[in-house]
Amino acid sequence: MEDKNLGVETLSEAVLNRLGYMLDNPEGGWKRLAKAVAEHPQFCYSEKELTDVSLKVLSPNGSPGRSLLALLSDRGCTLAFLLQCLKKIDHREAAGYLTTHVMEQIDFTKQPQSQRVPEGSPVVLSCRAVGPVELTYQWFKGKDEVPGGNGPELVLNSVSSAQQGHYICRVSSGDKYVFSNWVHVRVAKSGGASAGSNSGYFPSSGSGLYITQQPRPQELVEGDALYLECAARANPPPQFQWYLNKQPMPNCTRSILEIPCITTADRGIYSCKVYNLYHEAWSDQVQVNIGPGSFPDVSWEAPKLGQQGASDAGPRQMGDCFATDKVALLIGNMNYLHHQQLRAPMADVHELTNLLRQLDFKVVSLLNLNWQEMQSAVTEFLLLLDRGVYGLLYFAGHGYENYGNSFMVPIDAPASYTFKHCLWVQDVLHRMQERQTGLNVFLLDMCRKRNPNDESIPQPGPLRVTANIVFGYATCVDAEAFEVNKDDLSNGIFMSFLKKRLMEPEKVSVILDKVAEDMGRCEITRGRQALELRSNLSERRALTDSIQAPACQVTASTRNLQWAIAHVIPESRCLRFECGVRVQLGFAAEFSNIMIIYTRILETPKDIVSCSAQLSDFTEGPEVDLKHSNQESLREAGSLLLSMDDLLPPEQPRLFTRISALQRLKKELSFTVCLHYKYTNLDEELLEEQRVSVGKPLVSKLNLHEPRLSQSPTNLSGSSCDLQMSSIMESPSFSESFRASLPDSSPSSIGSASTCWSYYQGSMESPTLSSFKNEPEETICPEFFESEEPPAIKSLPSASSQELQFQFSNLPNSL
């Protein structure tokens with residue numbers, strides 16, 4: 001049924017409001033629907049988005065159900081998938097309404113046609129309709145049912161005068177039915193040739209062209225063979241052309257389409273055009289779904305010409321549309337010391353992290369890095385790259401571009417900065433190429449205005465011709481990138497459009513093309529900000545490609561260890577004080593360089609009426625806002641989106657403290673747990689203290705504050721096991737990190753940065769901007785996004801900092 005492919009956005013406002021009302025029931029129908037659709041990665045929503053949906057109930061005319069339907073519409077949800085999920089959660093009212101009032105109408109998409117054919121020739125009458133999920137067909141000759149005529153096509157083989165007459169088709173669903181138009185089949189006596197003779201062609205309408213066998217939908221896994229067949233009869237003989245997603249497939253011109261070893265690039269909708277000199281017909285469109293699989297360690301040989309069953313589409317090479325691993329570095333700079341502060345990078349990184357993690361990327365997310373920390377972070381990122389690895393670098397913050405060279409500005413850049421104070425994007429690309437990566441993706445959400453105080457033109461070394469580079473710029477050359485000063489939870493403009501497309505199984509450059517088109521259609525961005533795509537990608541590589549283990553397992557194991565080192569969080573522990581009180585210490589990773597610590601009272605003697613456990617005296621280096629430490633809620637502690645309601649009982653009091661800038665920790669993190677308590681018969685508050693050390697959590701093990709040895713790209717030859725191993729071993733963080741990961745080290749667990757991000761609780765007021773000689777000129781568009789405040793313009797992208805999955809360490813942890 002073709003209506004199944006229509007999107008939720010095609011529903012009228014009245015229908016959406018009615019469905020939303022049905023989902024707003026006391027049993028939380030919209031919540032069960034959100035859980036059901038989340039089984040498909042494309043519709044897996046963040047906790048922030050679901051929280052926003054639930055808060056709609058507080059608005060006078062708000063509807064959480066209607067809000068969820070809007071999210072599904074934005075992500076391209078089809079009516080068929082929505083109906084499937086409503087049935088899955090057994091929401092009969094909503095499923096019945098959707099079926100009855102939206103999908104029950106039966107409409108013809110193809111009516112049968114009258115035909116005049118020579119006696120003895122076959123006749124095919126076709127009828128197509130859309131409507132409810134279950135449609136049945138029945139053909140009639142006059143008032144009599146045609147035996148076996150219960151399909152959309154009625155095939156009459158070798159017609160005779162007895163089969164001449166009027167035909168009609170009835171299409172029904174349950175007790176509803178409609179009839180097609182009447183058609184007349186006339187049989188003409190053939191002249192000099194006998195009936196059915198092929199001695200001549202009949203270039204009249206009576207000659208006909210009809211498909212006798214349709215291709216069938218298939219569910220396969222990677223590595224399987226795909227076999228589709230479309231058989232037809234025609235005079236003159238038919239020719240064939242296969243199509244994938246409405247695009248013709250080169251050299252696929254036989255009735256049988258065979259691909260011996262499929263990959264995810266072969267998924268989609270297949271159809272076949274059948275034609276001859278006088279007629280043309282199309283087969284059914286069939287869906288071929290391809291799930292994850294693995295390849296054996298063999299190579300594929302092209303079939304010999306003329307060999308029976310040879311692939312029309314040609315051989316598939318090992319490694320096409322596969323990654324040996326996927327690694328992403330996300331950097332979001334907000335709190336600049338000498339430049340305008342930004343707001344969107346944290347939310348944008350949160351959004352991008354959630355999406356990339358669903359695509360099996362190893363993500364390192366970092367907020368607010370200075371020059372040395374950015375240099376070191378890139379060096380560590382390069383150690384995770386190797387032959388065939390997909391590498392993605394995302395930056396949100398201030399930036400500029402001179403003479404085709406892009407520069408990312410760290411938070412400690414002086415007022416009049418030059419390229420010496422920034423990170424040179426083209427140099428990072430050069431170094432990534434030397435790792436022989438399978439795909440290099442740069443997403444730069446930053447301004448590209450020229451820096452008039454930097455006239456230097458750095459010359460990169462010669463880039464290799466790899467045909468695997470994709471640059472996605474949030475704006476075009478000599479233009480600004482905007483963020484919206486709406487609230488601290490708002491995405492920047494670039495990410496607002498990118499997040500809707502990133503999960504699609506399309507070539508990376510195609511995804512960014514669609515994002516550019518979306519931005520171009522948006523009235524508020526038209527003429528202000530336009531995405532620019534630069535790509536030489538020659539293969540159909542997509543971020544959704546599966547991961548195939550590399551031949552060198554030592555390299556893969558070393559890379560996994562190096563990544564895991566940066567995501568170790570302390571294990572939960574219990575402290576017992578002399579007064580008999582037991583306190584739990586819990587830990588969670590918010591970003592790769594931001595951690596939450598909470599205290600919870602587990603046991604209190606009967607004669608103690610009140611007690612609380614607070615943290616103080618932290619090791620020098622990381623940033624702790626004392627005014628917002630030891631707070632009763634995560635929001636008060638500076639985390640705007642994290643939620644613990646589903647992780648810990650809300651009736652048990654907890655105090656939260658947020659520690660940021662862990663990359664500046666030079667020795668083990670330690671702090672004092674201060675227990676304040678009162679006895680029943682005493683008014684005086686008593687105090688007990690315990691000093692706790694938790695080692696070097698998360699990214700602090702990488703010692704990003706330390707300079708790295710200069711290693712020019714020309715010295716990085718190849719990506720063999722020895723090179724990868726030696727490169728990581730030479731990292732100043734490796735020896736310490738490796739020892740810390742051994743069994744005899746202090747208890748720790750591997751965590752992932754949270755799927756929820758937190759608000760940087762430093763001073764958010766911008767310093768006085770008296771004369772920023774080197775900052776690109778910025779303008780304000782008050783009407784932008786109809787914001788009460790004018791949008792801030794970034795001298796760099798606005799958002800980048802990956803957050804790994806939020807997990808408290810007393811719960812199961814995962815990489």
Side-chain angles (χ1 to χ4, degrees), residues 1-47 49-109 128-138 150-152 170-179 217 219 287 289 291 503 645-646:
M1 157 184 138
E2 294 182 8
D3 267 358
K4 293 164 62 177
N5 293 325
L6 295 178
V8 174
E9 69 275 5
T10 62
L11 299 178
S12 67
E13 193 66 23
V15 171
L16 289 171
N17 290 337
R18 179 62 178 170
L19 287 173
Y21 174 79
M22 294 176 180
L23 293 171
D24 295 340
N25 55 43
E27 290 77 24
W30 71 268
K31 293 183 179 179
R32 292 186 290 125
L33 178 60
K35 185 176 181 180
V37 300
E39 294 181 3
H40 193 293
Q42 183 178 351
F43 306 110
C44 188
Y45 296 102
S46 66
E47 191 163 345
E49 290 173 312
L50 295 180
T51 300
D52 290 342
V53 170
S54 64
L55 291 178
K56 295 296 181 182
V57 73
L58 302 178
S59 304
N61 299 316
S63 167
R66 178 66 181 85
S67 179
L68 177 61
L69 292 174
L71 291 178
L72 293 173
S73 175
D74 290 341
R75 298 255 180 116
C77 178
T78 63
L79 296 179
F81 183 71
L82 175 61
L83 181 61
Q84 174 187 339
C85 292
L86 288 173
K87 291 181 177 180
K88 185 174 183 178
I89 65 175
D90 199 26
H91 202 306
R92 299 181 181 179
E93 182 185 15
Y97 178 81
L98 184 63
T99 301
T100 303
H101 292 81
V102 179
M103 306 174 71
E104 75 164 351
Q105 302 299 324
I106 303 175
D107 294 316
F108 286 99
T109 59
R128 291 282 189 275
V130 295
V133 177
E134 299 295 335
L135 289 180
T136 59
Y137 295 80
Q138 180 59 56
N150 52 8
R170 182 185 67 198
V171 184
S172 58
S173 175
D175 57 353
K176 299 180 181 298
Y177 60 89
V178 292
F179 283 96
E219 298 281 343
Q287 180 75 41
N289 293 321
M503 299 294 292
D645 293 342
D646 298 330

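Residue indices begin at 1 and follow the sequence shown.
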Exercise. With a 4.5 Å limit on heavy-atom distance, are the side chains of Val37 and Leu82 in contact?
Worked result: no
Seminar exercise, completed: For Leu135 and Ala129 the tightest heavy-atom approach is CD1-O, 3.6 Å
Problem set entry | Straight-line distance of Leu16 CG to Ser67 OG, nearest 0.5 Å | 12.0 Å
Exercise. Hey, does the side chain of Ser73 reach the backbone of Leu69 with a donor-acceptor pair shorter than 3.5 angstrom?
Worked result: no
Problem set entry | Flag, side chain of Glu9 to backbone of Gly76, donor-acceptor distance under 3.5 Å | no
Exercise. Is the closest side-chain heavy-atom distance between Thr78 and Val8 below 4.5 Å?
Worked result: no
Problem set entry | Arg66 CZ to Met22 CE distance, which is reported to the nearest 0.5 Å | 14.0 Å
For this session: Answer whether the closest heavy-atom distance between the side chains of Ile89 and Leu33 falls below 4.5 Å.
Result: yes
Problem set entry | Minimum heavy-atom distance Arg128-Pro152, with the two atoms named | NH1-CB, 3.0 Å
Exercise. Taking C-beta and beyond as the side chain, do Leu23 and Leu86 meet within less than 4.5 Å on heavy atoms?
Worked result: yes
For this session: Determine the interplanar angle of the Phe81 and Phe43 rings, folded into 0 to 90°, and report it as parallel if under 30°, tilted if 30 to 60°, perpendicular if over 60°.
Result: parallel
Exercise. Cut-off 3.5 Å, side chains only: do Gln138 and Asn150 have a donor facing an acceptor?
Worked result: no
Seminar exercise, completed: So SG of Cys85 and NE2 of His91: to nearest 0.5 Å the spacing works out to 13.0 Å
For this session: Would you check if the side chain of Tyr45 reaches a backbone N or O of Lys35 as a donor-acceptor pair within less than 3.5 Å?
Result: no
Exercise. What is the ring orientation for Phe179 with Tyr177, classed by angle as parallel under 30°, tilted 30 to 60°, or perpendicular over 60°?
Worked result: perpendicular
Exercise. Does the Asp24 side chain pair with the main chain of Gly65, one donor and one acceptor, at a distance under 3.5 Å?
Worked result: yes
Exercise. Is the shortest heavy-atom distance from the side chain of Ser172 to the side chain of Tyr137 under 4.5 Å?
Worked result: no
Problem set entry | Heavy-atom closest pair, residues Pro64 and Val53 | O-CG1, 3.2 Å
Seminar exercise, completed: Rounded to the nearest 0.5 angstrom, the OG-CG distance for Ser63 and Leu68 is 9.5 Å
Exercise. Would you call Lys88 and Asp90 a salt bridge, taking side-chain N to carboxylate O under 4.0 Å as the test?
Worked result: no
Exercise. Could Glu93 and Lys87 be called an ion pair, given the rule that one side-chain N must be under 4.0 Å from one carboxylate O?
Worked result: no
